[in-house]
Amino acid sequence: MAQQPPSTKIDQRLEGPPIVVGQRTIRPIAKITGRQQVVPNGSFAGVWGRVSPETILVQDGEEEYTVSMSDPERVSWQGYLMGALAVSGTCLLISIVAGRIANR
């Protein structure tokens, strides 16, 4: 059996090029996470990754501020999913316990 090449964790912050809009300069920032596998001789073997927007830096003259890029809809769907999994898991557990009690 062939040995798997070692994998390396990727966790980097990527800053995009500045975009000038009128008096403002906008710079997007994203986060890259994932894994990279490299074969022993150093050549590239494969990568799995995710690029997600993080913030936008805005320079307005002397003032600089950030705009968050969080996705509230994604967070709410994750909450719905976790609630549904909790309810279905509880129902499954009750069903198993009730079946064992009935078979005594």
Would you compute the distance between atom CD1 of I101 and atom CD1 of I96 and round it to the nearest 0.5 angstrom? 12.0 Å
State, with a plain yes or no, whether a side-chain heavy atom of K31 is found less than 4.5 Å away from one of Q12. no
Is it true that a side-chain atom of S95 and a backbone atom of C91 form a donor plus acceptor pair closer than 3.5 Å? no
Smallest heavy-atom separation, P28 atom then I26 atom, equals CD-O, 4.1 Å
Verify the cluster assignment for I19 and V67: are they in a single hydrophobic cluster under the rule of side-chain heavy atoms below 4.5 Å apart? yes
Would you give the length of the straight line joining atom CG of L14 to atom CD1 of I32, rounded to the nearest 0.5 angstrom? 4.5 Å
Is the number of heavy atoms from other residues, nucleotides or ligands under 6.0 Å of E64 CD greater than 12? yes
A side-chain contact here means heavy atoms from C-beta on lying under 4.5 Å apart; do V58 and T66 qualify? no
So do the side chains of R13 and E54 get within less than 4.5 Å of each other, counting heavy atoms only? yes
Shared ILVMFWY cluster between V51 and V47, side chains joined below 4.5 angstrom? yes
In this structure, OG1 of T55 is separated from CE of M69 (nearest 0.5 Å) by 9.0 Å
Nearest-0.5 Å distance, CD1 of residue I56 to OH of residue Y65: 10.0 Å
Would you sort out whether E15 and R27 count as a side-chain contact (heavy atoms from CB on, under 4.5 Å), showing the intermediate values? CA-CA 7 Å; E15 293 187 18; R27 193 167 2 140; 2.9 Å; yes
Above 12 or not: heavy atoms from other molecules or residues under 6.0 Å from OH of Y80? no
Validation row: I10, T33 side chains within 4.5 angstrom (heavy atoms): no
Has Q23 got more than 12 heavy atoms of other residues, nucleotides or ligands less than 6.0 Å from its CD? no
Is the number of heavy atoms from other residues, nucleotides or ligands under 6.0 Å of R35 CZ greater than 12? yes
Just how far is it from atom CG of L85 to atom OG1 of T90, taken to the nearest 0.5 Å? 10.5 Å
So CG of N103 and CZ of R100: to nearest 0.5 Å the spacing works out to 9.0 Å
